[in-house]
Amino acid sequence: MADNTNTNPQLTGAEILWATLVGEGITTVFGYPGGAILPAYDALRKFPIHHVLVRHEQGAAHMADGYARASGKVGVCIATSGPGATNLVTGIATAMLDSIPIVCITGQVSSKVLGTDAFQEIDITGITLPITKHNYLVTRAEDIAPTLRQAFQVATTGRPGPVLVDITKDAQQATAPFDFAAAAPTEHRPHPMLRADSSAMQDAIELIKNAKRPVILAGHGIIESGARAQVIDFAERRQIPVASTLLGLGAFPTYHPLSLGMMGMHGEAWVNNAIQQSDLLLAFGMRFDDRVTGNLAKYAPNAKKIHIEIDPAEINKNVKVDVALIGDLRKVLDTLLPLMPKNSDASWIKEVDAMKGNASVRDIINLPDNGHLYAAHVIHDIWAEALAANRLLQTIIVTDVGQHQMWEAQYYKHDALRSLITSGGLGTMGFALPAAIGAKAACPEKDVWVIAGDGGFQMTAAELSTIQQEKMAINIAVINNGFLGMVRQWQEAFYDKNYAESPILSPNFVALAAAHGIAGAHVSKRKDVTAAVTQSRTSGKPFLIDFQVEKEDGVYPMIAPGSGLHEMVRRPAANPLLETAEDV
Amino acid sequence: MLHTFVALVQDKPGVLTRVASLFRRLNINIVSLTVGESERADTSRMTIVCEAPDTAAHRIRASLYKLEITVDVDEVGRSEGVIRELCLIKVAAGPSEPNGLHSRSQIFELAQVFRARVVDLAPESIMLEMTGSSSKIEGLIQVLRESNYTILEVSRTGRMAMRRGKHTSRVLKALGTPNGNGPTNFTPPDFSTDEIIPNEFPDVHEEE
């Protein structure tokens, strides 16, 4: 150790913190200063790291999340102790449920007063224990670099997830020798790997060869493991149609003839029917969430199931599978692919195509304009505008949670990886605006669209100020229907249209944007959508469009809780354009 | 049914909370949990006994292995391992007890039959120490009660489990043995997952 102190520079804990982040390749962090993290902020200016000042720490966590989802790199957020740390909680939980690699750094009171209820002291490692993949409390300057490096490793390896590092103020102030290379983490245990000759692999090959009606369920794991090419190869080689989970959208390109679209609660009828009628489900990096399966007892009753998944705890959690291949999806598929003979039998594909039938005829997109503006129109036109401008592969859509989120999933065709950022697992309203800031920070050259409802937008609207301070050209589409739309739709369907507290008053969003120095426009006619979208996208500045859409529109198809995947409530047939509460 | 898990975990603050929190999150009651040092440096050994559906074992084991602080997890069935518990029992044994002056000699006899040891003798009480399977310990307690002795205190350690025979998991082999045999440069071995997390799943599917 004596040698180390001679050869390596003595830095403060605060400097070690930033130096380690720089070493890990971090160039942008999202945060908010405060007492217990002030030593770190004091040292910030010495390091080539851009700090985005948020307006609420929840936004910092969502931004780190959006940054990670857009870039595939680790997102970093930073907050002070106490309320700063607790404000991160919703953002951390959002990242946890969607397996997003973020590192959250919080300040903590000095180690001498830990546990004394000191000012702004809170047990944040205790609070975040169930919502982080792992967390650490650091009380010594010399532990900061190894702990942070380990945090990055934990966040990114295996099934990714959020990691929190709580650093006491005295650890930031003390000095220690800094050696980035020596602080590298060691792997303390092996991760499972499959061999081609293992019995599970052989069983899987046998099932795939014998399947007549297979369906691939494409999940978020494809994106995280970088297995897009392998999945496309696999689907083409065996002529298997591909259904996507919400977080899997973009993993398999929608223009591909084998792409079916989104499955589950608001998936299209033919997608869910194909799953229900299949004889083999190939689950690629997905976890059979209840929004995807419907009633488990009625789920794909005749299908064998092969689950390729990196997290063994997901196996047989919701759906009992016949073969589990545990490991990184890309590696498993790399092993599996050479053993897969080509299949040219297209009869099942034809059958699935036939299921589409007239399902789309009643779709609002395919009906003539009646003067009303629907959210589906807005989302379709945002997509069409990007397509026409040849910007589709350079566009990232960040949604909030609710009806507009499902419409986005239905009407925006995601061809590019990481082109959709949405809170799937936790369903966090208020996610879109801050996550979009993270996405724009990661990909400044891309067009970033926020698509948010009038409810969710107001939850984190304070981050408009962050956008302006950062001069980020983010496009904001508020789908404004005067309701907490998904709540209203459930109240309509299951609570006798008792619209308890779902109508919501909103400010004039364009005026709100203007108060932040952000330009905007109101749009309430279909014919004005595309022009406003183009104006926003090409303005080179942040721009907000308040789309005043049909108030009591519903997302269809829909699977009611307790129903099987094939028992969908279809789009209302009578007069879909005027299907409002008053008409029924 | 009762499940017995053996987990090797890092010896650090907060590790017990992480393990306990996992069971709380799964809404599974821990019957007993013992922690102590193991044969490995900086590694504690936990034996966790819990009451959970037959079908939950895989998920508990996989979830335990998922914790960053976990080195290895094993589930030890009753037939595969030695499962033992240590128990201290304090029995009232004064002249006023039902069996009067014979109390002590009768307790000594019972203790001998159950291979328990007398570790403390006081005018009004006797303390017995016993190791064995849980059922054996419960047997002694039951006999004492049915013989109208007053049990003043019982302290049980909870079960400890160890597999019979020479048995090392693939994970531990990969990490090397504690006395230095095994790989010095650690590289993850090419092993089949079958052997860490069983791929032959019992029917763990429960309808909602």
Side-chain angles (χ1 to χ4, degrees), chain A residues 123 125-126 129-137 139 150-151 153-154 157-159 161 163 186-201 203-204 290 293 295-299 305 307 310-327 332 561-562, chain B residues 8-10 12-15 17-22 24-26 40 42-43 55-73 169-175 183 185-208:
Chain A
D123 174 17
T125 47
L129 192 137
I131 55 162
T132 51
K133 191 175 169 192
H134 196 57
N135 62 26
Y136 303 90
L137 170 63
T139 55
Q150 202 176 1
Q153 187 193 333
V154 169
T157 54
R159 179 178 180 172
V163 180
T186 51
E187 188 157 22
H188 71 277
R189 59 181 185 172
H191 286 286
M193 282 189 292
L194 275 174
R195 283 191 308 237
D197 60 354
S198 77
S199 61
M201 202 64 114
D203 293 348
D290 55 75
T293 61
N295 187 331
L296 285 173
K298 301 176 183 174
Y299 185 66
K305 284 118 188 161
H307 197 175
I310 198 161
D311 179 0
E314 289 295 344
I315 305 298
N316 287 352
K317 188 177 83 177
N318 298 330
V319 170
K320 185 197 181 300
V321 298
D322 298 275
V323 177
L325 302 177
I326 296 164
V332 173
Chain B
L8 289 177
V9 295
Q10 291 172 11
K12 283 183 180 168
V15 166
T17 312
R18 290 176 194 279
V19 171
S21 173
L22 175 87
R24 178 189 54 75
R25 192 163 60 84
L26 297 174
R40 285 166 189 280
D42 305 322
T43 306
T55 52
H58 163 77
R59 182 141 179 255
I60 296 171
R61 189 176 162 191
S63 300
L64 274 169
Y65 193 66
K66 198 168 148 180
L67 295 174
E68 289 299 321
I69 42 87
T70 304
V71 178
D72 191 25
V73 189
S169 80
R170 288 293 191 128
V171 177
L172 294 183
K173 268 183 201 157
L175 292 172
N185 285 333
F186 172 68
T187 44
D190 181 30
F191 52 72
S192 156
T193 34
D194 314 14
E195 294 169 58
I196 302 186
I197 303 296
N199 253 340
E200 305 301 320
F201 295 102
D203 184 13
V204 306
H205 183 50
E206 279 189 306
E207 309 297 0
E208 274 192 339

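Below, all heavy atoms of this structure are taken into account, side chains as well, without hydrogens, waters or symmetry copies.
- In this structure, the separation between CG on A:N135 and CD on B:E68 is 11.0 Å, given to the nearest 0.5 Å.
- Residues A:H134 and B:I69 have side chains in contact (heavy-atom distance under 4.5 Å, counting atoms from C-beta outward).
- Between the B:H58 side chain and the A:P312 main chain, a donor and an acceptor come within less than 3.5 Å of each other.
- The side-chain contact (heavy atoms from CB on, under 4.5 Å) check on A:A313 picks up A:D311, B:A62, B:S63, B:K66, with sequence neighbours excluded.
- Looking at residues two or more places apart in sequence or on another chain, you find a side-chain contact (heavy atoms from CB on, under 4.5 Å) between B:T17 and A:L129.
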